[in-house]
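Comments concern the structure below.
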Amino acid sequence: MDQRKQFVEDLSDQTDDFSRWYNEVVRKAQLADYAPVRGCMVIRPYGYGLWEHMQRLLDERIVEGFAPQVAWVTQGGNDALEERLAIRPTSEAIIGRMYSRWIESYRDLPVLINQWCNVMRWEKVTRLFLRTAEFLWQEGHTAHATAEEGKAEVLRMLEVYRDFAETDLAIPVHAGRKSAAEKFAGAEMTYSIEALMRDGKALQAGTSHDLGQHFAKVFDITFQDEQGKRQFVHQTSWGASTRLIGAVIMTHGDDQGLRLPPRIAPVQAVVVPIWRKDEERAAVTEFIAKVVEALRGRVRLYVDDRDQYTPGWKYNEHELRGVPVRIEVGPKDVAKAAVMSVRRDGRAKESIPLAALGERLPALLEEIQRALFESARAFREENTATARTVAEMEAHFATRRGFVAVPWDGSAAFEAEAKERTGATLRCVPLDQTPWAGLAGAGQDVALFARAY
RNA sequence: CGGGGCGUGGCUCAGCCCGGUAGAGCACCUGGUUCGGGACCAGGGGGUCGGAGGUUCAAAUCCUCUCGCCCCGACCA
């Protein structure tokens with residue numbers, strides 16, 4: 001903060017206190033605020049806009065072949081609750097009972113359902129977006145005739161999450177399987193995508209479970225196969241939640257605030273008018289109308305023509321809120337029939353002629369999208385080490401964080417000892433082992449450990 | 001669930017130790033001058049000090065109990 005005047009909008013530095021920085025960003029960027037209900041938050045329009053873009057992009061990847069989304073809502077819109085919040089049993093229990101009624105024959109399979117809804121959980125310790133008592137998520141539940149079909153579905157969805165995280169959220173992730181200790185209790189096998197936050201802690205950003213026949217046996221979900229024999233179905237379930245918003249914040253944010261990937265940014269570019277005299281204002285306003293026209297349907301644009309703030313004030317505010325590109329339009333630009341664009345990541349400036357804007361700005365947004373991903377990936381690589389023994393892991397975690405790749409024989413004993421001595425947990429066994437070729441011996445896989453949220 | 005911290009205008013906090021009836025900066029409202037990196041001047045509005053008891057002539061301040069939030073550790077998306 002050096003000699004600068006203190007402003008309400010000023011943020012703590014990430015390196016001073018990451019948790020504090022996170023909380024300040026969430027609230028000052030107006031993503032969410034604490035609700036009067038313990039452990040709950042209110043997602044504000046800007047944060048919800050992020051979620052809506054995530055929904056749209058993820059749905060595009062899921063929907064084909066899926067039943068229309070259903071939603072169980074325990075709270076409607078902005079209305080105050082008239083009744084107590086009902087905490088429902090786990091999704092698997094509800095789905096199990098419904099499936100047992102809906103499935104009779106192999107002709108009914110597979111059943112593919114995906115829904116976006118809110119859920120409540122009993123949580124002692126909460127954190128905005130990362131863990132709250134109530135949260136929004138997407139959950140898919142499928143039922144299949146064979147184990148092979150189920151396993152294929154589980155891996156297909158894991159890949160959907162990986163691609164979504166990397167392509168749309170610009171978050172590099174490791175897709176892999178969980179250990180017996182870390183998997184969902186009701187699952188045969190759990191898979192997840194694991195991301196690395198800027199404070200060096202890992203975050204599970206999506207989950208896909210192979211439920212096998214566990215729930216089918218509990219809820220009696222059976223079908224008659226082609227031979228007329230009664231069989232239990234094979235199920236999967238998978239989900240991703242508003243926790244992803246937390247992942248975006250902690251993967252890309254810097255000391256100035258949020259840096260949003262253009263694909264999910266509610267506002268992709270903000271136009272800031274600059275003028276002194278009334279005639280300048282008229283010319284600038286007129287020119288901005290042309291800018292808006294040039295970008296209509298191509299870029300999510302916001303023209304910040306609020307009178308009560310100076311341009312400099314607006315620059316700071318939109319940087320805090322993570323808007324990928326700022327477009328300055330002043331008398332000098334109007335004279336050149338151009339605008340001055342400034343990137344949120346790195347603040348590189350570029351004068352763009354009005355005539356080129358419609359082509360250039362979308363391209364610029366894609367460049368920023370890629371740059372954010374590459375920067376996050378570089379950070380992750382810098383914060384990934386290798387070890388061969390628990391002692392080596394202990395030495396590493398004594399002074400550093402990040403991922404540690406270590407050969408794992410699959411034993412619970414090794415995992416437990418590592419956790420005990422380092423505080424890090426086994427995040428996953430990556431499906432793609434090629435980055436660590438040669439590290440693991442025969443019959444072993446490389447596992448990734450990290451301190452985690 | 002253990003350890004620590006904090007609840008005072010919208011925000012950040014001072015006042016509390018040593019009771020005397022609430023203050024600053026920012027934000028907000030009005031008017032004017034401003035506007036290429038957080039503008040300035042003048043005037044103005046707003047707080048039963050988280051809640052409930054108690055002590056006292058008198059409580060933001062002392063005592064008891066509660067509720068909530070944050071941070072750090074053990075369990076979970």
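Naming: A, B, ... by sequence-line order, numbering from 1 per chain.
- Atom CG in Leu136(A) sits roughly 18 Å away from atom P in A77(B) (whole-Å rounding).
- Below 30°, between 30° and 60°, or above 60°: for Phe215(A) and Phe184(A) the angle between ring planes is below 30°, a parallel geometry.
- Gly239(A) comes within 4.0 angstrom of nothing in the nucleic acid, heavy atoms only.
- A donor-acceptor pair is defined here as one N or O able to donate and one able to accept, closer than 3.5 Å; such a pair exists between the side chain of Gln14(A) and the backbone of Gly253(A).
- Heavy atoms of Glu319(A) sit under 4.0 angstrom from at least one base atom.
- G68(B) and C6(B) make up a base pair, with Watson-Crick or G-U wobble contacts both under 3.5 Å.
- At G10(B), none of the side-chain N or O atoms of Arg27(A) fall inside 4.0 Å of OP1 or OP2 (strictly under the cut-off).
- Within the 4.0 angstrom heavy-atom criterion, base atoms lie near Lys332(A).
- A side-chain donor from one of Trp238(A) and Thr236(A) sits under 3.5 Å from a side-chain acceptor of the other.
- Residue-level contact check: Ser237(A) touches neither bases nor backbone, having no heavy atom under 4.0 Å from any strand.
- Using N1 to N3 plus N6-O4 or O6-N4 for Watson-Crick, or N1-O2 and O6-N3 for G-U wobble, each under 3.5 Å, A60(B) pairs with nothing.
- Arg326(A) comes within contact range of at least one nucleobase, with a heavy-atom separation under 4.0 Å.
- Of all nucleotides present, only G73(B) satisfies the Watson-Crick or G-U wobble test against C1(B), with each distance under 3.5 Å.
- A24(B) and U8(B) have their C1' atoms separated by 13 Å, given to the nearest Å.
- Residue contacts for Pro331(A): at a heavy-atom cut-off of 4.0 Å it reaches a base atom on one of the strands shown.
- Salt-bridge annotation for Glu319(A) and Arg259(A): absent, with no side-chain N of the basic residue lying under 4.0 Å from a carboxylate O of the acidic one.
- G36(B) atom C1' lies 12 Å from atom NZ of Lys336(A), rounded to whole Å.
- Of the listed nucleotides (G37(B), C28(B), C35(B)), C28(B) has the atom at the smallest distance from the side chain of Tyr309(A).
- Here Asn23(A) reaches the OP1 or OP2 of C71(B): one of its side-chain N or O atoms lies under 4.0 Å away.
- Counting to the nearest Å, the C1' atom of C35(B) and the NZ atom of Lys314(A) are 8 Å from each other.
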query = For His209(A) and Thr190(A), what are the C-alpha separation, side-chain angles and deciding distance, and is it a side-chain hydrogen bond (donor to acceptor under 3.5 Å, both in side chains)?
reply = CA-CA 4 Å; His209(A) 303 295; Thr190(A) 291; 2.8 Å; yes
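- Between C49(B) and G10(B), the two P atoms lie 13 Å apart (nearest whole Å).
- When the P atom is used for both G46(B) and C29(B), the distance is 16 Å, rounded to whole Å.
- Under 4.0 angstrom from either OP1 or OP2 of C35(B) there lies at least one side-chain N or O belonging to Arg276(A).
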ask   = Going through the checks in order, is the ring pair (Phe, Tyr, Trp, His ring centres under 6.0 Å) test met by Trp313(A) and Tyr315(A)?
value = CA-CA 5 Å; Trp313(A) 194 94; Tyr315(A) 297 170; over 10 Å; no
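- Atom name C1', nucleotides A39(B) and C35(B): the rounded distance is 8 Å, in whole Å.
- Rounded to a whole angstrom, the distance from the C1' atom of C6(B) to that of C11(B) is 16 Å.
- Note on Tyr161(A): every side-chain N or O is 4.0 Å or more away from OP1 and OP2 of A77(B).
- The phosphate of A39(B) (OP1 or OP2) has a side-chain N or O of Thr310(A) nearer than 4.0 angstrom.
- Heavy atoms of Tyr34(A) sit under 4.0 angstrom from primed sugar atoms or phosphate atoms, though from no base atom.
- For A59(B) and A22(B), the P atoms lie 12 Å apart once the distance is rounded to whole Å.
- Comparing the C1' positions of A27(B) and G47(B) gives an interatomic distance of 15 Å, to the nearest angstrom.
- At the heavy-atom level, Arg347(A) lies under 4.0 Å from base atoms of the strands shown.
- Nucleotide A22(B) is matched to nothing when pairs are restricted to Watson-Crick or G-U wobble geometry with both distances under 3.5 angstrom.
- Pairing for G45(B) is absent, judged as Watson-Crick or G-U wobble with the two contacts each under 3.5 Å.
- Both Ser19(A) and Gln204(A) lie close to RNA chain B; mapped to their nearest nucleotides by heavy-atom distance, the more 5′-ward contact belongs to Ser19(A).
- Spacing between C13(B) and C57(B) at atom C1', rounded to whole Å, works out to 32 Å.
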Trace of the side-chain hydrogen bond (donor to acceptor under 3.5 Å, both in side chains) decision for Thr207(A) with Ser192(A) = CA-CA 4 Å; Thr207(A) 318; Ser192(A) 70; over 6 Å; no
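- For the pair Lys314(A) and Tyr309(A), the NZ or CZ position fails the cation-pi test of under 6.0 Å to the six-membered ring centre and within 45 degrees of the ring normal.
- In this structure, the CZ atom of Arg20(A) is 21 Å from the P atom of G4(B), given to the nearest Å.
- Between the NZ atom of Lys277(A) and the C1' atom of U34(B) there is a distance of 13 Å, given to the nearest Å.
- With respect to Arg360(A) and Glu367(A), a salt bridge is recorded, a charged nitrogen being found less than 4.0 Å from a carboxylate O.
- For Arg127(A) and C71(B), the shortest distance from a side-chain N or O to OP1 or OP2 is below 4.0 Å.
- Across the protein-nucleic acid pair, Arg451(A) atom CZ and A74(B) atom C1' stand 13 Å apart, rounded to whole Å.
- If you check every strand for non-hydrogen atoms under 4.0 Å, Lys419(A) touches sugar and phosphate atoms only.
- Distance, Asp304(A) CG to G36(B) C1': 15 Å, rounded to whole Å.
- In this structure, Phe135(A) packs face-to-face on the six-membered ring of A77(B), meeting both the 5.5 Å centre cutoff and the 30° plane limit.
- Sequence order on RNA chain B of the closest nucleotides to Ala205(A) and Lys349(A) puts Lys349(A) first from the 5' end.
- Across all strands shown, G38(B) forms no Watson-Crick or G-U wobble pair with both key distances under 3.5 Å.
- Using a 4.0 Å heavy-atom cutoff across all strands shown, Leu130(A) reaches at least one base atom of the nucleic acid.
- For C76(B), the OP1/OP2 oxygens have no side-chain nitrogen or oxygen of Tyr453(A) closer than 4.0 Å.
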